Asker: 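Here's a structure for you.
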Number of protein chains: 2
Amino acid sequence: MPQDLQHRPKVALAVDLAIFTVREDRFQILLVERANQPYRGQLALPGGFIDTDDEDIDVTAARELAEETGLTADRLHLEQLRTYGRPDRDPRGRVVTVCYLALMPDLPIPVAGGDARSARWAPVDAILTGEVHLAFDHQVIVSDAVERARGKLEYSSLGAAFCPAEFTISELRRVYEIVWGQQLDPRNFHRKITSVAGFLVPTGERTTRDGGRPAALYRRGPATVMHPPILRGHNQNHSER
Amino acid sequence: MPQDLQHRPKVALAVDLAIFTVREDRFQILLVERANQPYRGQLALPGGFIDTDDEDIDVTAARELAEETGLTADRLHLEQLRTYGRPDRDPRGRVVTVCYLALMPDLPIPVAGGDARSARWAPVDAILTGEVHLAFDHQVIVSDAVERARGKLEYSSLGAAFCPAEFTISELRRVYEIVWGQQLDPRNFHRKITSVAGFLVPTGERTTRDGGRPAALYRRGPATVMHPPILRGHNQNHSER
DNA sequence: GAAATAGTGTCTTTCAGACATTATGTT
DNA sequence: AACATAATGTCTGAAAGACACTATTTC
């Protein structure tokens, strides 16, 4: 049994990103059109192979996110999702990919990154229904990522990651409604979200950008977890599965 | 930009396992003593490099679990935890490891697998406190794995994964108490756990192995998620973080 | 004024937490 | 009988869901 790495089989390791936003009243994900084979011309998740040996994969993901969106990782949420390693997932050979989940607000010029590939937003529904087809096993990855993102809204302050730095309660509620595809009662949402200490910090400012009575502006507070969580309806299967 | 994998830098890919059980009234994890350098003689998580190119990493994890415990993966719970890829985590060079979390009941001869390495159970507390030191970054991995396991008990039927095929409500409650390090009210636990449809299926049998009045035996039902969840006390920080 | 949205309050039901009581076995 | 644990029931308080009402802006 060899003690060094020379005799170990090695694999190509990729990092892929599922970058979500809420844009034009829809829950959307950033896709790129592949410039090269395989799957040339098809849509896929942005990502790439790891190329430096002196970099944590979390850092690689953050760097690629910055390349793709022009945003540094400290400005938005980035977390590891899962690693996918089916041997047949890439026709070129064994490629294992570590996937990350990122949530970002709808910023003016999020796309058109440094990369030459053309990036675009696509509604997640179109992918989940199979209406839009993706390269590799990215369909499955998107499905997992959406489930993770939706679940996280229940107990974390991550909904605010889709909002600009300062936002109103209504704007935050709209994010929840769009991501979950479900209407929420404005009064109860307001009560629930403001009752969590440290979750939202009022800026003191007000805005009328949503029309009607001016709404108080908030920014994200230090608290990240909500306990107990907001639950999205009872329409989920409690029993069977 | 090359289209094949020949020019891609590759890494050695490992699979490590965090195998938990409840044994002798303690929450324990399976560790092995390393037979080779680096960290020879030190305790570490069981695992190894992927050696076949035609195998999903999930399958690799299941196979190694079987080698280590003698149990097939369909008998116990196995899920991917996270991938760790700090460049300095292995002194031999770049090794990325995909870690898995496994939960198993306290079986008669779980250890003494086919592998030559000596395996042993260790209380997780000793690792979390730093009392027991582990090789590589396995300390961090165990910490993440424990947090995942504890959290999963809140909303899933995974507590039963620590129990034998047939178990009483009290035995299941003891699992929760030991994993969470927290006393639970027997009456309330009974009410809560039996109220979830499809969670526990009564076998019709009874046992007196716990003393006192005979308790009904149950086995795991088809339902896997509990909604709403059982919460472990209010002693967590709801706000700060 | 009307229309729109923000924010507060109230009522009801559900459920967690605390705890009493009864049931059924062993010694 | 005493003892141990199982199982069911009751009470209370907190919080979710449903919804009425008031407040403050624009048009």
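Computed from a predicted model, the values in this text were never measured in an experiment. The figures here come from the full heavy-atom set of this structure, side chains too, leaving out hydrogens, waters and symmetry mates.
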Asker: For B:Phe136, which residues count as a ring pair (Phe, Tyr, Trp, His ring centres under 6.0 Å) partner, sequence neighbours excluded?
Answerer: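 Checked B:Phe136 against ring pair (Phe, Tyr, Trp, His ring centres under 6.0 Å); matches are B:Tyr39, B:His138.
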Asker: Nearest-Å distance, CZ (A:Arg174) to C1' (C:dA4)?
Answerer: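 Value for this atom pair: 15 Å.
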Asker: Considering only residues two or more places apart or on different chains, which pairs with a residue in residues 123-135 of chain A satisfy side chain to side chain donor-acceptor pair (under 3.5 Å)?
Answerer: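 As it turns out, there is no side chain to side chain donor-acceptor pair (under 3.5 Å) pair with a partner in residues 123-135 of chain A once direct neighbours are skipped.
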Asker: A:Ile193 has an atom CD1; how far is it from atom P of C:dG7, in whole Å?
Answerer: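 To the nearest whole Å, that distance equals 13 Å.
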Asker: For each nucleotide in nucleotides 2-10 of chain D, reading 5' to 3', give B when a protein heavy atom comes within less than 4.0 Å of its base, S when such contact involves only the sugar-phosphate, and - otherwise.
Answerer: --BBBSBB-
Asker: What integer distance in Å separates A:Leu184:CG from C:dG7:P?
Answerer: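 The distance from CG of A:Leu184 to P of C:dG7 comes to 17 Å, rounded to the nearest Å.
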Asker: Does any pair with a residue in residues 190-212 of chain A pass salt bridge (charged side-chain N to carboxylate O under 4.0 Å, His left out), and if so which ones, sequence neighbours excluded?
Answerer: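 For residues 190-212 of chain A, and leaving out neighbouring residues, the salt bridge (charged side-chain N to carboxylate O under 4.0 Å, His left out) pairs sorted by first residue read A:Glu171-A:Arg209.
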Asker: Can you name the residues that form a side chain to side chain contact (heavy atoms under 4.5 Å, CB included) with B:Ala61, not counting sequence neighbours?
Answerer: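 With neighbours one apart ignored, the set is B:Val15, B:Leu17, B:Leu78, B:Tyr100.
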Asker: Grab the CE-P distance between A:Met226 and D:dA16 for me, whole Å please.
Answerer: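 Distance, rounded to whole Å: 10 Å.
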Asker: Does B:Tyr176 have any ring pair (Phe, Tyr, Trp, His ring centres under 6.0 Å) partners at least two apart in sequence or in another chain, and if so, which?
Answerer: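 So B:Tyr176 forms a ring pair (Phe, Tyr, Trp, His ring centres under 6.0 Å) with B:Trp180, B:Phe189.
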Asker: Between D:dA15 and A:Lys192, is there an OP1 or OP2 to side-chain N/O distance shorter than 4.0 Å?
Answerer: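 No, outside the criterion.
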Asker: Figure out the NE2/C1' separation between A:His227 and D:dA15, and round it to whole Å.
Answerer: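 To the nearest whole Å, that distance equals 13 Å.
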Asker: Nearest-Å distance, CZ (A:Phe167) to P (C:dA6)?
Answerer: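 Distance, rounded to whole Å: 14 Å.
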Asker: Write down the distance between CG (A:Leu200) and C1' (C:dG7), rounded to a whole number of angstrom.
Answerer: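 About 15 Å, once rounded to whole Å.
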Asker: Could you tell me how far apart A:Ile230 (CD1) and D:dA15 (P) are, to the nearest whole angstrom?
Answerer: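 It works out to 14 Å between those atoms.
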Asker: Have B:Tyr84 and B:Asp16 got a donor and an acceptor in their side chains that come within less than 3.5 Å?
Answerer: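 Judged by distance alone, the side chains do not pair up.
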